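Just so you know, these numbers use all the heavy atoms, side chains as well, and skip hydrogens, waters and symmetry mates. Here the structure is a predicted model, which means the values were calculated and not measured.
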Amino acid sequence: MMKFGEKVKQLREEKSMTQQTLAERLYVTRQAVSKWERGTRYPDLLTVKKIAQVLEVSVDELLSGEELKENVEKSPILSMPVQSTIQTVLYAVALTGYMLIQVFGIYSLFPDENLAKLPAGQITLKSYGTICIDLVYVVSLSIGLVFSIKNKLSAKITGYIMWMPYVIAAIQFLLTYIEIQIKHNGYIGISAWFPDFIVPLLFAVYILLFFIIEERRLPYGIILLICALSIGYIALIMRRRLFGLYRTDLGLVVSTVPCLGKLGMVILLGYQAYVWDKKRKTGYKNVV
């Protein structure tokens, strides 16, 4: 069976069109057309429709069912230039926030002599765990930023990045619980496990499945609910930081910067999930 790139090349040559001519009619580069014909890259669905119009064939003639699925899966979630730019900016903002908090975290490992004698200056398991967790944020957001700049941020990569905050929230709860058990200086009841551990894990699993499962489309409304609950939780934390009775300027910065980073990721989640849901429905309507 002839593949997409081979079909494009054959139809283009039948119309005596060069790669440059086809590229100009599609408002893309000649290199892009060359990659499509060689099978190293797929255009997004909107461009596939334009190719079909220029070559005067149907989309079904260009793409088989399997190729259409592969196109939907591998093509960038946000393929429009403006959308891609907004996505890149949001990744950059979130990454900047977590890089700042990473600097604060590393700095806290070297307190001055007076602070080191106080309980607040003691290095704990949670301190090290938080720094490692923030490093995971920095790495994952850096990956997302690079792929977004290159316009190669597929649904699967997005899913693995977007589920990270909820997995990390569950891990942070575990670290707190373990530290309390080691030091015997507190108590966490069973009622705290559901909202602080089980719910974040359920959210993480749903987000991952939403982006990586193609045929069975999970409802986008659940993602909206997750985003709404996340924003409410972030707003509650920021309210406590902003209006707390015992806050300091440094403490305010250290506590609110991660909240802004998380808010950026929630906005990214909602927007990317919305675009992916629309693209997936459009892409599969003729094959599933």
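Note that CG of Leu55 is 14.0 Å distant from NZ of Lys9, once rounded to the nearest 0.5 Å. To the nearest 0.5 Å, atoms CZ (Phe147) and CD1 (Ile157) are separated by 4.0 Å. Note: Leu268 CG to Tyr91 OH = 5.5 Å, rounded to the nearest 0.5 Å. Here the straight-line distance linking atom CH2 of Trp163 with atom CD1 of Ile226 works out to 13.0 Å at 0.5 Å rounding. Here Tyr233 contributes atom OH and Asp196 contributes atom CG; the two are 6.0 Å apart, rounded to the nearest 0.5 Å. Distance check: Ile267 CD1 to Leu90 CG gives 6.5 Å after rounding to the nearest 0.5 Å.
With 3.5 Å as the limit, one finds no donor-acceptor pair spanning the side chains of Thr85 and Thr88. In summary, the side chains of Ser230 and Tyr166 do present a donor paired with an acceptor at a separation below 3.5 Å, with no hydrogens or angles considered.
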**Asked** Could you go step by step and tell me if Gln272 and Leu153 meet the side-chain contact (heavy atoms from CB on, under 4.5 Å) rule?
**Response** CA-CA 10 Å; Gln272 290 175 325; Leu153 194 58; 3.6 Å; yes
**Request:** Would you check, one step at a time, whether the test side chain to side chain donor-acceptor pair (under 3.5 Å) holds for Thr21 with Arg25?
**Result:** CA-CA 6 Å; Thr21 302; Arg25 296 190 63 177; over 6 Å; no
**Request:** Show your reasoning for whether side-chain contact (heavy atoms from CB on, under 4.5 Å) applies to Lys15 and Leu22.
**Result:** CA-CA 10 Å; Lys15 291 186 173 295; Leu22 179 59; over 6 Å; no
**Asked** Run the side-chain contact (heavy atoms from CB on, under 4.5 Å) check on Glu6 and Glu37 step by step: do they pass?
**Response** CA-CA 6 Å; Glu6 296 172 341; Glu37 293 186 354; over 6 Å; no
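Contact record, Ile212 with Lys156: CG2-CG, 4.0 Å, taken as the closest heavy-atom pair. Minimum interatomic distance between Val136 and Met164 (heavy atoms only, all atoms of both residues): CG1-SD, 3.7 Å. Smallest separation of non-hydrogen atoms from Ile207 and Gly159: CG2-O, 4.5 Å. Nearest heavy atoms, Ser142 versus Leu95: OG-CD1, 3.5 Å. When all heavy atoms are compared, the tightest approach of Ile223 to Ala273 is CG2-CB, 3.6 Å.
Residue-environment remark: OH (Tyr274) stays at or below the threshold of 12 foreign heavy atoms within 6.0 Å.
Within the 4.5 Å cutoff, the side chain of Leu218 has heavy atoms near those of the Tyr206 side chain. Here the side chains of Phe210 and Asp277 are in contact, with some heavy-atom distance below 4.5 Å. The shortest distance between side-chain heavy atoms of Tyr160 and Ser140 does not fall below 4.5 Å. Taking the side chain as every heavy atom from C-beta outward, Val28 and Trp36 approach each other to under 4.5 Å. Residues Val167 and Pro200 fail the side-chain proximity criterion, which asks for heavy atoms closer than 4.5 Å. Between Ile51 and Val57, the closest side-chain pair of non-hydrogen atoms is not below 4.5 Å. At a threshold of 4.5 Å between non-hydrogen side-chain atoms, the residues Arg30 and Glu24 do not count as touching.
Gln10 pairs in a side-chain contact (heavy atoms from CB on, under 4.5 Å) with only one of the listed residues (Arg12, Glu14, Lys7), which is Glu14.
In this structure, Val205 is a member of the same hydrophobic cluster as Leu224, with clusters built from ILVMFWY side-chain heavy atoms closer than 4.5 Å. Criterion: ILVMFWY side-chain heavy atoms under 4.5 Å apart, direct or through other members. Under it, Val146 and Leu141 are not part of a common hydrophobic cluster. Tyr27 and Met17 end up in different hydrophobic clusters when Ile, Leu, Val, Met, Phe, Trp and Tyr side chains are linked at under 4.5 Å.
The aromatic rings of Trp193 and Tyr177 stand perpendicular to each other, their planes meeting at an angle above 60°, with 30° marking the opposite boundary.
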